[in-house]
Chemist: 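One structure is given below, represented as structure tokens, and several questions about it will come after.
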Amino acid sequence: MNSKKLTLIKSVDVYTPESIGIKDVLFCGNQILTINENVELQSEQVNVNIVNGDGKVLIPGLIDPLVHITGGGGEGGFNTRTPEMQLTEATLAGVTTVIGALGTDDVSRTLEDLLAKAQGLEAEGLNVFCHTGSYQVPVQTVVGSIRKDIMLIPQIIGVGELAIADHRSSHPTVHEFVRVASDARVGGMLSGKKGTLFLHVGDDAQQLNLIFEACETSAIPASQFYATHINRNESLLNEGIKLANLGGYIDVTTSTTQQFIDEGEILASAAVKRVLDAGAPPTSITMSSDGNASLPQFSADGEFAGLEVGRVSSLYHSFVELTQEHGLELSMATQIVTGNPAEALGLKRKGHISVDHDADLVLLNKHDLSIDSVWSKGLQMVKNGEPLVKGLFEDLI
Ligand code: ZN
């Protein structure tokens, strides 16, 4: 383990996500010690790893707000359950923080398994948080209630992905829905967390009505709600922009297939551009990979025709598209995948490069934004685009 070594990145173009120009960045373990014009160390006296930042850009580690780290899917039968996420699927894509969640299946997938997997990935060097619950209402929990899970289990930061406007949803009433949001909020308040209600939105005609009704009929602020798959179709994206303008958070899914696009899904990067162009608050929009979810394919007559799997790396590729295909400033593109999810989820030490934040850092080659190096909690995970750290069983698979 080299996590306690001093590392000095020299003369690198830093995006915090804001652009602060060429700086030297010194960190030790998970602690960023200084970000300054010219940091000199007597390298004979201290063991310091010096990294040349010439021609490179330093951004915070990417945050992926939705990954099925224990696998997902199974909607075509037991042989379609998707595999667990492996460490380097995140780190090679510059992702240093993932939020794990269950989905449709909360019978053969459990919260206990989710927490065990989260702690396994943490031990391997990644930052992992989780949501309690699944698609369903009543919300399944670990220790008996939403409030207890959020207050007593350090990794659990909210509830999700709870399904609305979907044939697989429990179709909660507004009253039931408000109760869940309220429990998440109170659990969060009492434990210094955000207590977000993270919502899977399907393609039913109700769209975000449940959220809008909850905001109208209760004192729960819109900022408690965080709705994903908003790029599912044109009409849902417009509803998402309304939620963003009310103060809620919206998320677009970067894993996709040609069939989804042909059926009306909007590419994640294009959807982000649309939200920003519509004048929604730029802090309201994030992207997630929906990693390890199943992406089922159906034939023209509706028969199950095969399965693809969501990839965490799609988050990084969509981030690059934001700048290279949609002309976003690098600072704005970076904010979408770092500062914004940190704010939406209340991750106080994540999503920024500063002395108050963790040493989760990604070094990119400036000319094409390809990944050179990745540090998670100060531990170097990737060097020259190659993994330095792998999950224990990765080479066996
Ligand atoms: Zn979902």
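Because the structure is predicted, anything quoted here is derived from the model rather than measured. Order of appearance sets the numbers: ligands from 1, and atoms from 1 within every ligand.
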Chemist: Tell me which pairs pass ring pair (Phe, Tyr, Trp, His ring centres under 6.0 Å) where either residue lies in residues 358-388, with sequence neighbours left out.
Modeler: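 Counting only pairs at least two positions apart or across chains, the ring pair (Phe, Tyr, Trp, His ring centres under 6.0 Å) contacts touching residues 358-388 are Phe27-Trp375.
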
Chemist: Against Phe225, only a single residue in Tyr249, Phe212, Phe177 fulfils ring-ring contact (aromatic ring centres under 6.0 Å, His included); can you say which?
Modeler: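 Of the listed residues Tyr249, Phe212, Phe177, the ring-ring contact (aromatic ring centres under 6.0 Å, His included) partner of Phe225 is Phe177.
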
Chemist: Check whether any N, O or S atom of Asp290, backbone or side chain, sits closer than 2.8 Å to the Zn ion (ligand 1).
Modeler: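 No, Asp290 does not qualify, because none of its backbone or side-chain N, O or S atoms lies under 2.8 Å.
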
Chemist: Only counting residues at least two apart or in another chain, list the ones meeting ring-ring contact (aromatic ring centres under 6.0 Å, His included) with His200.
Modeler: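 Checked His200 against ring-ring contact (aromatic ring centres under 6.0 Å, His included); matches are Tyr135, His229.
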
Chemist: For the Zn ion (ligand 1), find the closest N/O/S atom belonging to His200 and write down its atom name.
Modeler: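 Of all N, O or S atoms belonging to His200, ND1 is the one nearest the Zn ion (ligand 1).
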
Chemist: Looking only at N, O or S atoms, which one in Glu161 sits nearest to the Zn ion (ligand 1)?
Modeler: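 Looking at Glu161, the N, O or S atom with the least distance to the Zn ion (ligand 1) is OE1.
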
Chemist: Verify, without hydrogens or angle tests, whether Ser169 (side chain) and Ala163 (backbone) share a donor-acceptor contact under 3.5 angstrom.
Modeler: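 Looks like yes, one N/O pair under 3.5 Å.
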
